[in-house]
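For reference, the structure is listed below as structure tokens.
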There are 2 protein chains.
Amino acid sequence: MKKIILIYGASLATLVFLLKYLEYQFFVRDLSLEFYLSVVALLFTGLGIWAGLRLTRNKVVMVRVATEFKSNETELERLGISKREREVLELMAKGFSNQEIADRLFVSLNTIKTHSSNLFLKLEVSRRTQAIQKAKELCLIP
Amino acid sequence: MKKIILIYGASLATLVFLLKYLEYQFFVRDLSLEFYLSVVALLFTGLGIWAGLRLTRNKVVMVRVATEFKSNETELERLGISKREREVLELMAKGFSNQEIADRLFVSLNTIKTHSSNLFLKLEVSRRTQAIQKAKELCLIP
DNA sequence: TTTACTTTCACCCAAAAGTATGATTTGATG
DNA sequence: CATCAAATCATACTTTTGGGTGAAAGTAAA
């Protein structure tokens, strides 16, 4: 920051000196005010852009990339997991109880139990926490 | 891009017009060349910075953050979660049952139940699946 | 020492989860 | 049409989990 300010000061000083020099040394009096202004405007626009980039160059923006989830169809098929079972799995992973899942899918609690039991068999696990883990590893769910 | 160029043109024209207007209307002839240049330099530096930022604003650099897990001590302390509770939480997240956790930590099943109950209270959840989720969100566990 | 916190454990009860088996319906496929 | 897989539900039973209460032992701080 200090460096940038110094550079700016130096630039301005040099420029003014240069113009004065030209003016007095070579009697270049026919250069209009507009010309001077244009030159200065251009130069300092360039400097401004440079400074702007300089100031923000190292700003690495931390973005939680949505990692646009690509469901692993292959694995789902290989394990023989049906659409409905996958739905149940997803709600399970969101922390819902079997009853809540049943309510959301408009089916009975027993149905969800059946689905989850089948899921555990196919995933070769015995608890829902393990099922969630394994499913995430295999990219079956986000 | 076109818009930016237009804005630049308009700015320069307006400025020149303004200066001319001042100069001729109020005979403010004692304003030095240096003053004009300074004003112009400042203005166009600002414009330059603005343009520079404008041009690079949407450039989001994609960085695969190594996510080398940094346990969130602050949050652990804020929630009042003890060392032992965190251990239980971690094993829970690995899919172990309370009994398995008890065996691993060489304590009784009841102890684990107490720990997990306290955990649920502190994490404001009611099921272990939710606890795992929340703990991962808060970076309490990997 | 008193206080507060952690860790440990017990008991009881209720709710949730998981297992096993069997049955019905439906849609797709050969 | 017969068959098969998927989806649904039930009943019964066991295990796991969660909630509430209480309490003992150890540690660290006030």
Side-chain angles (χ1 to χ4, degrees), chain A residues 71-138 140-141, chain B residues 71-138 140-141:
Chain A
S71 140
N72 193 339
E73 305 293 343
T74 320
E75 207 62 13
L76 278 172
E77 213 168 318
R78 191 178 69 78
L79 298 171
I81 293 176
S82 70
K83 263 167 289 177
R84 204 53 159 171
E85 284 165 349
R86 214 205 67 102
E87 283 185 282
V88 173
L89 185 56
E90 197 163 337
L91 291 174
M92 227 179 230
K94 286 184 179 169
F96 292 116
S97 70
N98 285 341
Q99 186 60 65
E100 289 169 334
I101 297 174
D103 293 344
R104 258 162 201 73
L105 298 183
F106 303 105
V107 295
S108 85
L109 173 61
N110 287 310
T111 304
I112 301 304
K113 283 189 178 188
T114 306
H115 285 321
S116 57
S117 275
N118 291 333
L119 268 172
F120 299 156
L121 281 179
K122 293 172 180 176
L123 288 173
E124 295 173 286
V125 296
S126 47
R127 268 181 293 285
R128 53 174 52 217
T129 46
Q130 295 176 336
I132 294 169
Q133 279 210 159
K134 195 147 190 175
K136 288 195 174 181
E137 275 174 24
L138 299 176
L140 305 182
I141 50 173
Chain B
S71 147
N72 193 339
E73 305 293 344
T74 320
E75 207 64 13
L76 278 172
E77 214 167 316
R78 193 179 68 78
L79 298 171
I81 293 176
S82 70
K83 264 167 288 178
R84 204 54 159 170
E85 284 166 348
R86 215 204 67 101
E87 283 186 282
V88 173
L89 186 56
E90 199 163 337
L91 291 174
M92 228 181 229
K94 286 182 179 170
F96 292 116
S97 71
N98 285 342
Q99 185 61 66
E100 289 169 334
I101 296 174
D103 293 345
R104 259 163 201 71
L105 298 183
F106 304 105
V107 295
S108 85
L109 173 60
N110 286 311
T111 305
I112 301 304
K113 284 189 178 188
T114 306
H115 285 323
S116 57
S117 275
N118 291 333
L119 268 173
F120 299 157
L121 279 180
K122 291 172 181 176
L123 289 173
E124 295 174 287
V125 297
S126 48
R127 266 181 292 286
R128 51 176 51 218
T129 46
Q130 296 175 337
I132 294 168
Q133 280 210 155
K134 194 146 191 175
K136 289 196 173 179
E137 276 174 25
L138 298 177
L140 304 182
I141 50 174

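Letters go in sequence order (proteins before strands), and every chain restarts at 1.
Rounded to whole Å, the distance from CD on A/Glu85 to C1' on D/dA5 is 11 Å. The CZ-C1' distance, from B/Arg84 to D/dT27, rounds to 15 Å in whole Å. Rounded to whole angstrom, the span from the NZ atom of B/Lys122 across to the P atom of C/dT7 amounts to 8 Å. The separation between A/Ile101 atom CD1 and D/dA7 atom P is 15 Å, rounded to whole Å. Here the P atom of nucleotide C/dT6 and the CD atom of B/Glu77 are 11 Å apart, to the nearest Å. In this entry the distance linking CD of A/Glu100 with C1' of C/dA15 reads 13 Å, nearest Å. Rounded to whole angstrom, the span from the CG atom of A/Leu76 across to the P atom of D/dA6 amounts to 12 Å.
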Between protein and nucleotides 24-30 of chain C, map the contacts as a letter string: B base, S sugar-phosphate only, - none, heavy atoms under 4.0 Å, written 5' to 3'. -------
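The distance from the CG atom of B/Leu123 to the CD atom of B/Glu137 is 10.5 Å, given to the nearest 0.5 Å. Here B/Ser82 contributes atom OG and B/Leu119 contributes atom CG; the two are 7.5 Å apart, rounded to the nearest 0.5 Å. A/Ile101 CD1 to A/Leu109 CG: the interatomic distance, rounded to the nearest 0.5 Å, is 9.5 Å.
Using a 4.5 Å cut-off on side-chain heavy atoms (C-beta onward), A/Leu91 and A/Ile112 make no contact. Annotation: side chain of A/Leu140 is in contact with side chain of A/Glu75 (closest heavy-atom distance under 4.5 Å). In this structure the side chain of A/Ile132 never reaches within 4.5 angstrom of the side chain of B/Ile132, judged on heavy atoms.
Comparing the start and finish of the helix from C/dT1-D/dA30 to C/dG30-D/dC1, five pairs each, the helix axis swings through 40°, to the nearest 10 degrees.
A heavy-atom distance below 4.0 Å to DNA chain C is reached by these residues of residues 125-137 of chain A, ordered by number: A/Ser126, A/Arg127, A/Arg128. Residues from residues 87-96 of chain A that place a heavy atom under 4.0 Å from any atom of DNA chain D: there are none. Non-hydrogen atoms lying under 4.0 Å from DNA chain C are contributed by A/Lys113, A/Ser117, A/Phe120, all within residues 104-121 of chain A.
Listed by chain and number, the residues in a side-chain hydrogen bond (donor to acceptor under 3.5 Å, both in side chains) with B/Ser116 amount to none (sequence neighbours excluded). Qualifying side-chain hydrogen bond (donor to acceptor under 3.5 Å, both in side chains) partners for B/Arg104, counting only residues two or more places apart in sequence or in other chains: none. Applying the side-chain contact (heavy atoms from CB on, under 4.5 Å) test to A/Glu73 and every residue at least two apart in sequence or in another chain returns A/Ser71, A/Leu76. For the side-chain hydrogen bond (donor to acceptor under 3.5 Å, both in side chains) test, no residue two or more places apart in sequence or in another chain qualifies with A/Glu77. With sequence neighbours left out, A/Glu87 forms a side-chain contact (heavy atoms from CB on, under 4.5 Å) with A/Arg84, A/Leu105. Legend: residues meeting side-chain hydrogen bond (donor to acceptor under 3.5 Å, both in side chains) with B/Thr114, ordered by chain and number and at least two apart, are absent.
Nearest heavy atoms, B/Leu89 versus B/Ala135: CD2-CB, 3.7 Å. Smallest separation of non-hydrogen atoms from A/Thr129 and B/Gly95: OG1-CA, 3.5 Å.
Listed by first and then second residue, the salt bridge (charged side-chain N to carboxylate O under 4.0 Å, His left out) pairs involving residues 106-130 of chain B are A/Glu100-B/Arg127, B/Glu85-B/Lys122 (not counting sequence neighbours).
Just one of B/Asn98, B/Val88, B/Ile81 meets the side-chain contact (heavy atoms from CB on, under 4.5 Å) condition when paired with B/His115; it is B/Val88.
Residue B/Ser82 places its side chain closer to C/dT7 than to any other of C/dA17, C/dT7, D/dA6.
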